[in-house]
Amino acid sequence: MKTSIPKDNGLTIQKLPLMESFLTVQGEGLHTGSAAYFIRLGGCDVGCVWCDVKESWDASAHPQVSISDLVGIAENSGAKIVVITGGEPLMYNLEEFTAALQSAGLKTHIETSGAHPLTGNWDWLCFSPKKFMAPREKFYQAADELKVIIYNKSDFKWAEEHAAKCADQVNLFLQPEWSKRDQMTPMIVEYVKKNPKWRISLQTHKYMDIP
Ligand code: SF4
């Protein structure tokens, strides 16, 4: 019987480290307000200083769960959308996982920094590049939405540099980093008024006090 293979190496993964999973409402981006089942995989080596899920970083701290069990709990939730997040979920080859989710009739969404190889078949790809580890080029054209976290004023220029490399039809979002939201949100509002190709994404789940 195969056991887990923790890194993307082109081989089949039978198990993935599960930090948590829960039925909630997507709080961010274009699908804000839609019911979704979140699966948060453990493991991240990107190292964002403001990361709000640092407990996800160490993959070994989280139990290995089989893909069939993960698909089963997602199916039982009743949600139509499954959001795979982390951590950095693309530290793992997700081909088999997304194939199994789609076979079960579920829409596959992902939130990724783009710092690792793009694997899996995604109905929605949220690309959120981070300054702490360069993203891979493939994500610019694959992204359905580009979500840039605004932590300080210089991040607007950084956001434009990434947007310029994306496909024309990509949905562009600026989102205030949560701890800086009081300072950054008014700046984002002014920026979007002057640069209407961008939209604002807020972490509405935090305002609603839901996971
Ligand atoms: Fe945290 Fe996400 Fe950055 Fe990883 S990529 S450090 S999980 S914010």
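In each ligand, atom 1 is the first atom listed, and ligand 1 is the first ligand listed. The figures that follow rest on heavy atoms only: side chains count, while hydrogens, waters and symmetry mates do not. The chain is numbered in sequence order, starting from 1.
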Q: Partners of Ser21 by side chain to side chain donor-acceptor pair (under 3.5 Å), sequence neighbours excluded?
A: Tyr37

Q: Report the residues that fulfil side chain to side chain donor-acceptor pair (under 3.5 Å) with Arg199, sequence neighbours left out, ordered by chain and then residue number.
A: Asn171

Q: Does the side chain of Thr119 come within less than 4.5 Å of Leu90's, by heavy atoms?
A: yes

Q: For Tyr207 and Trp178, run ring pair (Phe, Tyr, Trp, His ring centres under 6.0 Å): C-alpha distance rounded to whole Å, both residues' side-chain angles, the deciding distance at 0.1 Å, then the answer.
A: CA-CA 10 Å; Tyr207 289 99; Trp178 183 250; 5.0 Å; yes

Q: Using the ring pair (Phe, Tyr, Trp, His ring centres under 6.0 Å) criterion, which residues pair with Phe38? Sequence neighbours excluded.
A: Phe22

Q: Listing residue and atom name, which protein N/O/S atoms are closer to atom 4 (Fe) of ligand 1 than 2.8 Å?
A: Cys44 SG

Q: Could you report the tightest heavy-atom contact between His205 and Val25, atom names first, then the distance?
A: CB-O, 4.5 Å

